[in-house]
Amino acid sequence: MNFYQKVLKLTKKIPKGKVATYGQIASMISTPRAARLVGWALHTGANKHHAPWQRVINSQGMISTTCLDHPKELQAFLLKKEGVKVKENQGNYFIDLKKFLWQPKK
DNA sequence: AAGGTGACTAACA
DNA sequence: ATGTTAGCCACCT
């Protein structure tokens, strides 16, 4: 299975109302340094694989989408809709990782 | 086949 | 503490 398919598969496991970081996802796939690939994977096939791409954010808990096709405001909207509190700050959106970070039990 | 790129991170200045 | 720079790994040209 390709790396990015693992990412998508794992992304689908993120429970509603929680978020995960790229590095976290990468680590779970056993490739801790491939955080960039995670972002790339989501950018590539999240939508078409029905994966909750909005629940994946960077290590700072900030929405870092640079792609115009996936507006961060949309991501923020989807998250709020799921019960995640998103705080806006100067055009950027932040999530409180202390509260909403997905902590899977192994 | 080789080099460039990216929804990232962490280390430095 | 904020701003830059350098690694990272798999895909694309």
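Since the structure is predicted, the reported quantities are computational estimates derived from the model, not experimental observations.
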S.K.: For a quick test of reading the model, state the closest non-hydrogen atom pair linking A:Ala26 to A:Ala34 and the distance between them.
M.R.: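 For A:Ala26 versus A:Ala34, the nearest heavy atoms are CB-C, 3.9 Å.
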
S.K.: Any N/O pairs under 3.5 Å between the protein and nucleotides 10-12 of chain B? List them or say none.
M.R.:
none

S.K.: Quickly work out the A:Glu73 CD to B:dA7 P distance and round it to whole Å.
M.R.: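 My rounded result for the distance is 18 Å.
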
S.K.: With salt bridge (charged side-chain N to carboxylate O under 4.0 Å, His left out) as the rule and sequence neighbours excluded, what pairs involving residues 32-61 of chain A come up?
M.R.: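 Salt bridge (charged side-chain N to carboxylate O under 4.0 Å, His left out) check on residues 32-61 of chain A returns A:Arg55-A:Glu82.
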
S.K.: Using side-chain contact (heavy atoms from CB on, under 4.5 Å) as the criterion, list what pairs up with A:Asp96, not counting sequence neighbours.
M.R.: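 With sequence neighbours excluded, A:Asp96 shows a side-chain contact (heavy atoms from CB on, under 4.5 Å) to A:Lys98, A:Lys99, A:Phe100, given in chain and number order.
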
S.K.: Measure CG/A:Leu42 against P/B:dA7 and give the value in whole Å, please.
M.R.: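 It works out to 10 Å between those atoms.
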
S.K.: Which heavy atom of A:Leu10 sits nearest a heavy atom of A:Met28, and at what distance?
M.R.: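 Heavy-atom minimum between the residues: CD2-CB, 3.4 Å.
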
S.K.: To the nearest angstrom, how far is A:Tyr22 atom OH from B:dA7 atom P?
M.R.: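 Between P of B:dA7 and OH of A:Tyr22: 9 Å.
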
S.K.: Between the protein and nucleotides 5-12 of chain C, which nitrogen or oxygen pairs come in under 3.5 angstrom?
M.R.:
from: C:dG7; atom 1: O6; to: A:Arg36; atom 2: NH1; distance (Å): 2.7

S.K.: Going by salt bridge (charged side-chain N to carboxylate O under 4.0 Å, His left out), name the pairs with one or both residues in residues 83-92 of chain A, residues two or more places apart or in two chains.
M.R.: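 Applying salt bridge (charged side-chain N to carboxylate O under 4.0 Å, His left out) to every pair that reaches into residues 83-92 of chain A, excluding sequence neighbours, yields nothing.
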
S.K.: Just distance, no hydrogens or angles: give the donor-acceptor pairs under 3.5 Å from side chains in residues 37-45 of chain A, sequence neighbours left out.
M.R.:
from: A:Trp40; atom 1: NE1; to: A:Thr44; atom 2: OG1; distance (Å): 3.4
from: A:Thr44; atom 1: OG1; to: A:Trp40; atom 2: O; distance (Å): 2.8

S.K.: Could you tell me which non-hydrogen atom of A:Ile14 sits nearest to which non-hydrogen atom of A:Ala20, and how far apart they are?
M.R.: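 Shortest heavy-atom contact: CD1-CB, 3.8 Å.
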
S.K.: For DNA chain B, find the residues of residues 90-99 of chain A with a heavy-atom distance under 4.0 Å and give them by number; none if there aren't any.
M.R.: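 Nothing qualifies; none.
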
S.K.: Residues two or more places apart in sequence or in another chain: which of them pass side chain to side chain donor-acceptor pair (under 3.5 Å) with A:Asn92?
M.R.: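 Once residues adjacent in sequence are excluded, the partners of A:Asn92 under the side chain to side chain donor-acceptor pair (under 3.5 Å) criterion are A:Lys72.
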
S.K.: Is a side-chain N or O of A:Gln75 found less than 3.5 angstrom from the main chain of A:Gln54, in a donor-acceptor match?
M.R.: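 Indeed, once roles are kept as given, a pair shorter than 3.5 Å links the two residues.
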
S.K.: Scan residues 9-25 of chain A for pairs that pass side chain to side chain donor-acceptor pair (under 3.5 Å), counting only residues two or more places apart or in two chains.
M.R.: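 Applying side chain to side chain donor-acceptor pair (under 3.5 Å) to every pair that reaches into residues 9-25 of chain A, excluding sequence neighbours, yields nothing.
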
